[in-house]
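Presented below is the structure to which this report refers.
Proteins get letters first, then strands, A, B, ... in listed order; numbering begins at 1 in each.
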2 protein chains.
Amino acid sequence: MRSSTARRRATIVDVASAAGVSRQTVSNVLNFPDRVRPRTRDRVLAEVDRLGYRPSTAARGLRNQRAGAVGLELNLPTCGSDIGPLVLGALTARAPAHDVHLVPFGDAHVFPTVAAYRDMTRRHLVDAFVFADTHSGDPRPDWLLEHEIPFAAFGRLYSHPELTCWADVDGHRGLELAVEHLVDRGYATVGYLGWPLHLEDPAVAEDRHRGWVDAATGLGVAGPAGVTDQQLGPAVEAADALLNELGPGDAVACASDLIALAVLYAAARRGLAVGRDLGVVGFDGSLVARRHGLTTVVQPYEDLADHLLRTVHDQLLDGTVPVAGALLDPTLAPSSSTDRESELTSYTPVPAPTRR
Amino acid sequence: MRSSTARRRATIVDVASAAGVSRQTVSNVLNFPDRVRPRTRDRVLAEVDRLGYRPSTAARGLRNQRAGAVGLELNLPTCGSDIGPLVLGALTARAPAHDVHLVPFGDAHVFPTVAAYRDMTRRHLVDAFVFADTHSGDPRPDWLLEHEIPFAAFGRLYSHPELTCWADVDGHRGLELAVEHLVDRGYATVGYLGWPLHLEDPAVAEDRHRGWVDAATGLGVAGPAGVTDQQLGPAVEAADALLNELGPGDAVACASDLIALAVLYAAARRGLAVGRDLGVVGFDGSLVARRHGLTTVVQPYEDLADHLLRTVHDQLLDGTVPVAGALLDPTLAPSSSTDRESELTSYTPVPAPTRR
DNA sequence: CGGTGGGATTGGAACGTTCCAAGTTTGGTG
DNA sequence: CACCAAACTTGGAACGTTCCAATCCCACCG
C-alpha cells in the first residue's frame with residue numbers, strides 16, 4: 001500500500017515547499033493574487049496544478065468560521081411539484097459559480113419546522129438557507145431573522161411584506177408573453193384559467209391573472225376566465241366550463257402547465273384539435289409541458305438561482321439585503337399547442353421538441 | 001451588538017467548563033458514552049442541552065479527515081425523470097440517520113464527466129459518491145475505483161458486472177405484484193408494454209419483462225406484449241397496437257408510469273373506460289401515477305436510499321463492500337386504474353388518493 | 001553611503017475537535 | 001490501613017487553513 005505517498009492529498013505546505021515559498025504565500029496566491037509578485041505567483045500556480053492541490057473545505061471552514069454552504073429545504077410541496085426538480089437543478093448548477101455548495105435537508109413527509117434549521121446552524125454545517133413554499137404563519141422567516149441567519153426565499157414572502165430577500169418569476173410578464181404569442185399566432189379570443197385568489201398564495205395568482213387581463217384587454221382579445229386549484233381532476237372540470245364560452249380559433253392561457261394539461265383533456269373531450277382549433281399556453285416550463293407538446297412560459301430558473309445565491313452571499317459578506325424582492329422575466333417556449341398546423345390532442349401527444 | 005455573548009455558538013470548551021469537566025470528557029460523552037460514568041455523563045448532557053451545543057462539522061471533519069458528506073450527482077437524466085425527485089427526496093430524508101449530509105452537484109445540461117468528482121474529492125468536500133443512470137462506457141466507476149473512493153450506484157452497474165456496490169428495485173417482483181393484483185381484481189388477460197432489450201439498460205427491461213412472463217404464464221393469463229421507448233408519443237402508438245389484441249375485461253401491465261399513461265391515452269382513443277373495461281398498472285410510484293389515478297408498483301425509495309448510504313458508510317468504515325448488489329422489493333399502490341367500479345379515462349382523471 | 005519607505009514574504013497563533021499517553025480517582029483486597 | 005488495578009479524567013498535540021504582526025529585501029533619495 002502506497003498510502004503515505006499517493007494516498008494523502010496534497011496540502012498547502014506541500015505546495016509551499018515544492019515552490020520554495022511559505023504557506024502564507026501560497027494562500028495569498030489563491031486568495032489575494034495581487035499581493036504576490038507575478039514571478040512567484042506563476043511558480044506557485046504551476047505547483048498547485050502539478051500536485052492537484054485544492055484547499056481543504058473543512059480547514060478553511062474552521063479557520064474562517066464559515067461553512068461555504070447553503071442549506072436547501074426539500075419538503076413535500078417542493079419535492080412533489082413540477083418545478084421542484086427544476087429549481088433544485090438550477091441551484092445545483094449555479095452554486096459553484098457562487099463559491100458555495102448546497103446541503104439539501106428535510107423530511108419529504110413532514111411539514112417544515114425550524115428544528116432542522118437550528119440543528120444545521122449549530123453544527124456550523126451551513127451559513128445560510130434557501131427555501132420555497134412559504135405560507136402564512138410560516139415560522140421560518142421569523143426564526144431566521146431572530147437568529148440573524150441569512151436566507152433567501154424562492155417565491156414572495158407575503159407573510160412578511162417588509163422583507164426583500166426573495167426572488168420570484170414575473171407572472172404578469174409571463175402572461176403578457178403568453179397572450180402576445182397567442183395573438184401573434186392568430187387566435188381570436190384568449191381566455192384564462194388560473195387559481196382562485198383565496199388560495200395559498202394570492203399574490204402569485206393575482207399577478208398572473210392581472211398579466212392576462214392587461215395584455216388581453218390591451219390587445220382587445222380578452223375572453224372568459226376561470227379558476228381552479230392545482231389538481232388535475234377539478235382543473236379538467238374548470239377547463240370544460242371555460243371551453244363552453246370559447247369557440248374554434250380561440251385560445252386559453254393558463255397559470256400552470258398542469259392546468260394547461262387539463263385544458264388539453266377538456267379539449268379532447270369535445271373533439272377540439274389543440275393547435276389548429278384551440279391555442280393553449282401553460283406556465284412553468286416543466287417536464288409535463290415538454291412531454292405533452294405544450295407551449296409554455298418558462299421560468300428563468302438559472303437567473304432565480306443566481307439571485308437567491310447572490311442574496312445570501314451579500315448578506316454573509318456585509319449584511320446587505322436587496323432593496324426590493326426580485327421579479328425575474330420568464331421566456332416563452334413555443335410548441336405544438338399553439339401551432340395552427342398541428343392537431344394536438346391529449347391522447348396523441350407529440351414528442352418533446354429537440355433540445356437546443 | 002451582543003456579538004460576543006449571544007452571537008457566538010457554544011463550543012466544546014464552554015460545555016466542559018459549564019459542566020466542570022475537561023474537553024475530552026465532553027467529547028467522550030458524545031462519541032463513546034460508555035467511557036464516562038453515568039453521573040458525569042448526565043451532568044454533561046444537561047449542559048449540552050442547556051447550551052444547545054453541537055460539534056462543529058468543520059472541526060470534526062478536519063480532525064477526523066472525513067467530511068461526513070456524500071456527493072450526489074444530479075445530471076440531466078436524473079433531474080428530468082419521474083423518479084429523480086423521489087430518489088433525491090428519500091436520500092435527503094434518510095441521510096441524517098446515517099450521520100451524513102448530501103452534497104448535490106452537477107450541471108443539468110452537461111453530460112457527466114469525472115472532473116467534478118475529482119474536484120470535490122480534492123477539496124475533501126465529500127467522502128463518497130452516489131449516482132444513478134450508469135451507462136456503458138461510463139467513466140465514473142473506473143475512475144472512482146482507481147482512486148479508491150467509495151461509491152454506490154442507484155441501478156445496476158451493468159458495465160461492471162463484477163461490482164456489487166449498487167441497489168436497484170426488483171422489477172421481476174414488481175411485475176409479479178402487478179399481475180397478481182390484476183388477476184385478483186378479475187381481469188381476464190394481462191398484456192405487457194415494456195422497453196426494447198436493446199435500449200440503454202437491457203437488464204432492467206429484461207427483468208421487468210420476465211416478471212410479467214413468469215407471473216402471467218404461471219397464472220394462465222398471459223396476453224400480448226409490446227415494446228416502446230420512454231417517450232409519450234411513440235408509447236401511445238405502441239399502446240394502441242397492443243390494445244388491438246386485447247378486449248374488454250383485459251389488462252396491461254407496464255414497465256413505467258409514463259408508459260401506463262400512454263395506455264390510458266390509447267384506451268381513451270378507442271373509448272375504453274380504464275378500470276371497468278381495462279386494467280392498467282404502471283411502475284415507479286411517480287407523481288404522474290398519483291395525478292392520473294394510476295395503480296402503480298412503487299419503488300422502495302427509502303429502502304434504496306438506506307442501502308446506498310449504508311453501502312458507502314461500510315466502505316468508509318472498513319472497506320467492506322456488499323457480497324452482491326441489492327434488489328429491493330417494491331410494493332403495489334392500488335388506485336382507480338384497476339378499480340372495476342371506476343370509469344377512468346385519460347381526460348377525466350380522478351383526484352389523487354388521499355394520503356395515508 | 002546611510003536612511004527610508006513600501007511591497008513581498010514569513011512564522012506564530014488560532015479556529016474546534018479527537019487521539020494519545022499520562023494522570024487521578026475509585027473501590028476492592030490483603 | 002496500605003496497596004493495586006480498573007475506571008475515569010486530563011492536557012498536549014495535531015488536522016489544514018488564514019489572519020496578524022513582524023521581518024526582509026530592494027530601489028530610491030538625500
Between [options], spot the one nearest the side chain of [X], thanks.
X	options	value
B/S22	C/dT9, D/dT17, D/dG11	D/dG11
A/R63	C/dC15, C/dT9, C/dC19	C/dC15
B/R37	D/dC8, C/dT17, D/dT18	D/dC8
A/Q65	D/dA13, D/dC19, C/dC15	C/dC15
B/R23	D/dT10, D/dT18, C/dT18	C/dT18
A/A59	D/dT10, D/dT17, C/dG16	D/dT17
A/I12	D/dC15, D/dT18, C/dC20	D/dT18

Using whole Å, report how far [atom1] of [X] lies from [atom2] of [N].
X	N	atom1	atom2	value
A/L62	D/dG16	CG	P	12 Å
B/R41	D/dC8	CZ	P	9 Å
A/Q24	D/dT17	CD	C1'	9 Å
A/R39	C/dA8	CZ	P	14 Å
B/R66	C/dT18	CZ	P	14 Å
A/R35	C/dA8	CZ	P	11 Å
A/L30	D/dT18	CG	C1'	12 Å
B/N28	C/dT17	CG	P	14 Å

| What distance separates A/F105 CZ from A/D119 CG, expressed to the nearest 0.5 Å? | 10.0 Å
| remark: Between the CG atom in A/L88 and the CD1 atom in A/I83, the distance rounded to the nearest 0.5 Å is 12.0 Å
| query | Hey, does B/T25 reach any base, or is it just sugar-phosphate, or nothing, if we go heavy atoms under 4.0 Å? | reply | base
| request: Determine yes or no for a side-chain-to-main-chain donor-acceptor pair under 3.5 angstrom, with A/N31 supplying the side chain and A/S27 the backbone. | output: yes
| Where the side chain of B/D142 meets the backbone of B/P139, is there a donor-acceptor pair that is under 3.5 Å apart? | no
| field | Result of checking B/D170, B/D168, B/D138 against B/R156 for salt bridge (Lys or Arg N to Asp or Glu O under 4.0 Å) | value | B/D168
| field | First of B/G20 and A/N64 reached from the 5' end of DNA chain D, by closest nucleotide | value | B/G20
| said: Between B/V36 and A/F32, which residue's closest nucleotide on DNA chain D lies nearer the 5′ terminus? | reply: B/V36
